[in-house]
Amino acid sequence: MARFALHSAVFVVLTILTQIGGIAWLGALLFRRRWLAFAVIYLGLLVSATLLAPYFGRVQLSCGGNSVLKVQSWIYCLTNRTYVRPELKEVLGELANAVDARYPGTQTLVLDAGFPFFNGIPLLPHLSHDDGKKVDIAFYYQRDGAYERGAVRSPIGYFAFEQGSSNCQPTFPTLRWNFDMLQPLWGQLELEPGRTAAAVHWLADDGRVEKIFLEPHLQDRLGLRLSKVRFQGCFAARHDDHIHIQIR
Ligand SMILES: [Zn+2]
């Protein structure tokens, strides 16, 4: 019974994190060398997902190379979280080219996107990332006033918050995590305002983009009080460590 509960818990956690990991775990239970079997089945499913995703209206964002648009960390690729609708991939590619054209040498980094299969399954902890129309992009950063290509402050791009007043009272339950203990650990990079504001302006001007989430204190700091740029509310994740965009 305990064993069943353990395997059920592993199945649920892996499914929540990667969509395909739970199935790989069930398959691996049939083999004596379970971890090796899990790795082989998981990688097989990961590759299969790239081939099957178009049948579900999704495409994978590029996980390799060093072009103007890049998934920030291999972790997102390995956990199967880099899928979007083809229109959103186009928007991201055009955005990256536009920022690079204005500020040559710029690289735009993608964080969490979505899973390859089915609508309505959220990519936790992002409740809205459930249909391939939403994606998060990293802020652009600088050190001593010089832009740092491909750099972010935390290892996965999230949770390095720009501090400012939000008027949100601490409540529970909430997805608005502050991670105060982590903040001193992050790199001493500063937000690069030119590229970050230019990216948001480009997105706000694009007819395919429906909404952009950015914390109000950053909207003020960067001069981005635009109709499509919204506050996500006090119960959703903070948006002063990344930009959330969604298309129509
Ligand atoms: Zn998001």
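Each ligand, and each atom within it, is numbered from 1 in the order the structure gives. Every value quoted in this text rests on a predicted model; they were computed, and no experiment measured them.
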Contact check: [X] to the Zn ion (ligand 1), N/O/S below 2.8 Å:
X: Asp136; result: yes
X: His129; result: yes
X: His244; result: yes

Does the side chain of Asn97 pick up a donor-acceptor pair with the side chain of Arg102 at under 3.5 Å? no

Evaluate the side-chain proximity of Ser128 to His244: yes if any heavy-atom separation is below 4.5 Å, no if none is. yes

To the nearest 0.5 Å, tell me how far Ile156 CD1 sits from Ile75 CD1. 6.5 Å

Is Glu215 salt-bridged to Arg230, cutoff N-O under 4.0 Å? no

